[in-house]
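Everything below concerns the one structure shown next.
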Amino acid sequence: MAILALAISIAPLCLASRVSSSLQPSLEVEVGSDGSAVRAMSFGNVSTDQREPLGPSATMRIIEEALNASSLIDVHNECNGNKNIQEPKGKIGYVFMVGAHMKNWRLWSDYFSQATGGTWKAFVHYSEEHEHYHPKIPFEHIVIPTVATEWCDLQLVQIASLEMALNDEEVIGTIFLSDSHIPLKIADHVYAELAASNMSIFKRHHNVRSKYKAEFWSYLTRDDMITLVDDYRNHGGHEIAASFVSHDVNIEGMNPFGGCVEEFYPLFALTRHRKTVEYSSRLIYLEWEPWKYFSKGEYGLPCCDLHPAEFTQLKANSFQRLLQSCSLFMRKVTPETSIGWGRERENLIQYIRREVLASKKYLPRTRQAVVFVTAKRPTNVTTKTLSLLEKLDRSKYEPYILYDADSIKTADLPKTSITAIPMHREEERSLLGKAYKEYSGRYKAPAKSAQVRWMAGQNDHQYAWFIEDDVFFNGNWNSFFNTYYHSEADLFTTWKKMKEGFIMGGHAEEGWYSWSPCDAGTATLKYHGIVALHRLSRTLAQKILDFLLEGKSGHHECVIPTLCLVDESCEMDLISQNWIGVMRNQPVLESTDLIAPNKIYHPLKEICAVGTTHGDSRKACTLAGENPNAIFAAN
């Protein structure tokens, strides 16, 4: 009976063509060879597959027949001429598949804010299900209930996403995007291209030996969305997909060991039902052989066995070629990917927001403060840092020294052109009252509250970086700051941990000594972040100051990140691990810990000659400080 039913299902008048576009549940009945009825729900009921299991032989027969029925075509003329929307005829669905949070939500917020009304609908699937993971995304979207996924097995989440999108009768097609996609065209251009297409669009996989292999990141028309869901739910597609997962396929034209189920099954299912699709780069640009088109350094190594190239430091002319191509989106780009003109580099995401999307919300070029915070007499570490800060690009950054005037005389500060600002312990204590004791931390230093008060009262700077005197960076501070110059995040820090659970690069820290007392957050929802190097917005600084002046308190490493993360209007981001050598509170680093250039280290009190420690020889430390780069050469 099963084989006869399957033969019926792959006939030209397949069940998908009879599924109502209104998506109301309906019951289809087919009769088996023994006269028994086999039920198959159309799309309206997505709970379970009610057909009998196919079995291995039937599965192989279906795959063979679908291979023979192939109607795929290649499209080489990839550009459509008309990019203007005359009258929207429906919405394009955007399905974002992300991890714990959407990294580039500001970019996509700009993208959708410029789109013509009624032309798009966004969906977000989080692979990690936790209510505290997901910052508030400002553009309108629907959260898809989390489906368990793993690498190379995304088929079920695709089906669940399509079912969600099909609930809106105005959705005419759906794009699948990851967190590493960026737009190369504005939203209306994308709509004009896709709304005019009567075929789904797939990007051919680099492995051309596989007849049915394509990138998962694709565009599906509504008709093909219905067909794919129907095949999976009602025609044994889930069993066929499982055979791809287990690589239980051995047919000429297939290469089961060279790909993932989501790279095989969608194309297989559509061609099984006599569908024609477009194979082209019109939707997504990605590269498996970057050495043919890009220079060394523009993409990460090693490359490209299991994954396509990840772009790192693109040249301006390379990116301009991509913008001028017919591709609508690009993959794979990280939040740290940059674009450069000679020695000048800028974050690529921020460049796209300003130059491609021409965002009205985009942060203008205003000078940011860089504040070196110190409570001790100068060491070779602080002297080195200040000498580097003097070389900052003054068109973008204004350096300051915030120093403890109770411990350091003005005359003891290094000779520098940087503006020095004194702070006093008693002044901070009298202003904050009882909040001062907990907020100032273990050493009761005035710097923690003084920097917040100073920033809250600023009229010249919207953002300020704060660098403690035991932070060491043997690199170019301009390059580091430029990476985040255009970001609108209220807080940048190196990592954060939460009291309960897991979030963005840190594990739970139940035993941290300063969870209590900490009045920020709730009993179980608090965050701990190292703020030896951090960037603070004037807005967040004012919120922290108001919190303290209300008599509330807590350790600054708890108060600062927690107040931001529990506030939907506040955005916190992490400094990329690419910049971090060692970042911790204790123990103090030795010179032998400094093993790489262009990395940030904390806490480092002195730079000593190789082979010595802080206790061996103060003179050795001082002499080594005259040439700290020698440490890296020696190691």
Side-chain angles (χ1 to χ4, degrees), residues 90-99 102-105 107-108 111-112 120-127 137 139 141-168 171-185 187 190-191 193-195 197 199-205 212-229 231-232 237 241 244 259-270 275 277-286 307-308 327-333:
K91 304 172 185 175
I92 298 295
Y94 291 77
V95 175
F96 293 95
M97 299 184 63
V98 303
M102 179 180 282
K103 298 175 183 177
N104 296 322
W105 62 266
L107 170 72
W108 291 107
Y111 175 86
F112 290 125
W120 62 276
K121 188 164 187 173
F123 304 85
V124 180
H125 178 268
Y126 296 102
S127 62
I137 299 175
F139 58 83
H141 67 285
I142 294 175
V143 175
I144 300 169
T146 298
V147 176
T149 63
E150 58 184 73
W151 182 72
C152 224
D153 189 3
L154 300 177
Q155 194 53 60
L156 184 56
V157 71
Q158 182 186 51
I159 296 300
S161 302
L162 292 175
E163 290 170 339
M164 185 73 76
L166 283 168
N167 284 325
D168 187 335
V171 171
I172 60 175
T174 299
I175 311 167
F176 285 87
L177 300 170
S178 73
D179 227 1
S180 68
H181 282 84
I182 58 172
L184 296 175
K185 307 292 189 292
V190 171
Y191 182 87
E193 286 266 6
L194 298 182
S197 177
M199 289 186 291
S200 296
I201 304 173
F202 290 83
K203 163 72 174 174
R204 180 186 292 280
H205 200 279
Y212 283 98
K213 189 172 182 179
E215 299 290 344
F216 170 72
W217 314 106
S218 55
Y219 170 72
L220 294 171
T221 63
R222 184 178 183 88
D223 186 56
D224 287 353
M225 291 163 63
I226 294 173
T227 298
L228 186 55
V229 170
D231 184 85
Y232 190 87
F244 289 127
C260 306
V261 56
E262 64 271 14
E263 295 171 341
F264 286 110
Y265 174 71
L267 282 173
F268 157 77
L270 293 178
K275 296 290 185 177
V277 303
E278 175 184 328
Y279 250 143
S280 76
S281 296
R282 183 154 66 101
L283 186 71
I284 306 290
Y285 179 85
L286 54 81
H307 305 281
S327 297
L328 304 178
F329 304 93
M330 173 184 177
R331 187 175 186 263
K332 301 173 66 172
V333 171

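The two atoms that bring Met225 and Val171 nearest to each other are CE-CG1, 4.3 Å, heavy atoms only. Between Pro145 and Met164, the closest heavy-atom pair is CD-CE, 3.4 Å. The two residues Gln158 and Pro266 have their closest heavy-atom pair at OE1-CG, 3.5 Å. In terms of heavy-atom proximity, Asp224 sits nearest to Val277 at OD2-CG1, 4.3 Å. Looking at every heavy atom in both residues, Lys185 comes nearest to Ser327 through NZ-O, 2.8 Å.
Tyr219 meets the side chain to side chain donor-acceptor pair (under 3.5 Å) test with no other residue; sequence neighbours excluded. Applying the ring pair (Phe, Tyr, Trp, His ring centres under 6.0 Å) rule to Phe202 yields no partners; only residues at least two apart in sequence or on another chain are considered. For Ala195, the side chain to side chain contact (heavy atoms under 4.5 Å, CB included) criterion is met by Lys89, Ile172, Tyr191, not counting sequence neighbours.
The residue from Val157, Val124, Ile144 that alone fulfils the side chain to side chain contact (heavy atoms under 4.5 Å, CB included) condition with Met97 is Val157. Of the candidates Leu328, Leu220, Ile201, Val190, Ile175 forms a side chain to side chain contact (heavy atoms under 4.5 Å, CB included) with just one, namely Val190.
The aromatic ring centroids of Tyr265 and Phe216 lie 6.0 Å or more from each other.
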Lys203 and Ser218: CA distance, side-chain angles, deciding distance, side-chain hydrogen bond (donor to acceptor under 3.5 Å, both in side chains) verdict: CA-CA 7 Å; Lys203 163 72 174 174; Ser218 55; over 6 Å; no

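Trp108 and Phe329 have tilted rings, their planes meeting at an angle from 30° to 60° on a 0 to 90° scale. Taking the six-membered ring where tryptophan is involved, the planes of Phe139 and Phe96 are tilted, since the angle between them lies from 30° to 60°.
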